[in-house]
Amino acid sequence: MKISVVIPCYNEQEALPELFDRLEEVLSGMACDYEYVFVDDGSTDRTIAVLRTLRERSPRVGVISFRRNYGKSAALNEGFRAASGDLIVTIDADLQDDPAEIPNLLKRIEAGADLVSGWKTNRQDPPSKTLPSRVFNRVTSIVTGVRLHDFNCGFKMYRREVVGAITVYGELHRFIPALAAWEGFRVDEVGVRHYKRKYGKSKYGPRRFLNGFFDLITTMFVTRRALNPLHLFGRVALVLFLLGLAPQLYFLVHWLAGNGLRVRPIMLLGFVLIIVAIQVASIGLLAELISARAARETVYAFKEYDVRGERHPRVPTRSA
Ligand code: UDP
Ligand code: MG
C-alpha cells in the first residue's frame with residue numbers, strides 16, 4: 001500500500017521544512033510506501049526554492065509549480081492527478097494540522113470509509129472566521145444532507161477512487177465531502193487537533209463564506225447529483241405560470257358571462273408572471289442542454305466493474 005501526501009502551498013516558505021520533517025517522522029514509522037506531492041500555487045516568496053531543496057533531500061518528493069496563483073482547489077486537483085498512491089492524504093502546509101494524526105485517519109479508512117475528513121474540534125482561528133464557519137458548516141450539512149461538522153478542513157484522507165471521481169475547481173474544495181458523498185462514497189470524520197498558524201498569514205478571510213454559499217448552489221447543479229436544472233427551474237416556472245394564469249382565467253369567465261373588460265393591475269401582473277415563467281423554463285431547458293453535453297465527460301464512480309466475466313480492477317480516472 002502506498003500513501004500520497006498532497007500539500008497545497010501558497011507562500012509557505014517558513015513552514016515547509018518543519019512540515020516535511022514531521023511528515024517524514026510519521027510516515028517512515030508506518031508500514032507502507034509513501035510519496036509527497038507538493039503543489040506550489042504560484043507562490044511569490046521562496047517556496048519553490050525550499051521545495052527544490054526538499055526534492056534534493058528525498059526522492060519521494062514530487063513538486064508541481066503553477067505559474068500563478070490558481071487557488072487551493074486547483075492545487076488539490078492537480079495534486080490528485082499526480083498522486084500515485086492507493087490512499088491520498090491532503091494536509092495544509094501551514095502546520096495547523098498535526099501529521100501525527102495520519103494514522104488516526106487511516107483507522108477510519110480501514111474501518112470502511114472512502115473519505116475521512118478532519119474535524120477541528122479545538123479550532124485555533126479568530127472568531128471572525130470560526131463563527132461564519134459554524135454557520136457555513138450547518139447550512140452545508142443541511143442542504144447537502146452530508147452530516148459533517150467541518151467540511152473545509154484541509155486535513156483529509158481519501159481512497160484513490162474518490163479523487164478519481166471528483167473534479168475540484170474554483171473554490172469547490174470546501175465541498176469535497178459532499179461531492180464524494182453524492183458519488184456514493186462513504187464519508188466519515190474524525191476529530192483532529194488544530195494549532196495556531198506558526199508562520200506566514202492566512203490566505204483566506206471571513207469574506208470567503210459568502211462565496212461559499214454561491215459555490216454550494218453551483219455544486220448542487222454542476223454535479224447533478226443533488227439537483228437537475230429543469231427540475232428546479234421547471235417547478236419555479238410552473239408555479240409562476242399558474243399564478244399568472246389564474247387571474248386571466250377569472251377575467252375570461254367574467255368576459256364570457258357577458259361583462260365588459262377593463263385592464264386591471266392584476267391582469268398585467270398575470271401577463272408578467274406568464275412571461276417570466278416562460279423565461280425561467282427556457283433557462284432550465286438551456287441548462288439541461290448544457291449538462292447533457294457535459295454528461296459525455298462524466299466519470300462515474302464504480303464499485304465493481306465486471307464485463308463479460310472479465311474483471312477489471314479499474315480505477316476510474318478523469319481521462320478514462
Ligand atoms: N493555499 C493555496 N492556494 C491559495 C490559498 C491557500 O494553495 O490560493 C494553501 C495554503 O498554502 C495552505 C492551505 O491552502 O497550505 C490553507 O490555506 P490557509 O492556511 O491560508 O487557510 P486557513 O487555514 O486560514 O483557512
Ligand atoms: Mg491554515
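Bear in mind that the values here come from a model prediction, so they are computed numbers and not experimental data. Order of appearance sets the numbers: ligands from 1, and atoms from 1 within every ligand.
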Excluding waters, how many protein N/O/S atoms sit closer than 2.8 Å to the Mg ion (ligand 2)? 2

Donor-acceptor side-chain pairing of T140 and N137 below 3.5 angstrom: no

Is the Y158-F80 ring centre distance short of 6.0 angstrom? yes

Sub-6.0 Å ring centroid separation between F136 and F175: yes

Should F241 and L249 be regarded as members of a common hydrophobic cluster, given that ILVMFWY residues are connected when their side-chain heavy atoms come within less than 4.5 Å of each other, either directly or indirectly? yes

Indicate the ring-plane relationship of Y36 and F38, choosing parallel, tilted or perpendicular according to the 30° and 60° boundaries. parallel

Should the ring pair F251 and H254 be called parallel, tilted or perpendicular, given that the plane angle runs from 0 to 90° and is split at 30 and 60? perpendicular

Going by side-chain heavy atoms closer than 4.5 Å, which hydrophobic residues are tied to L268, directly or by a chain of links? V263

For L285, what are the other residues in its hydrophobic cluster, where any two members join if their side-chain heavy atoms are less than 4.5 angstrom apart? L230

Amino acids contacting ligand 1, non-hydrogen cut-off under 4.0 Å: P8, C9, Y10, E12, D41, N69, G71, K72, D92, A93, D94, Q96, K129, R197, S202, K203, Y204, R208

Cation-pi, Y34 ring and R60 (6.0 angstrom, 45 degrees): yes

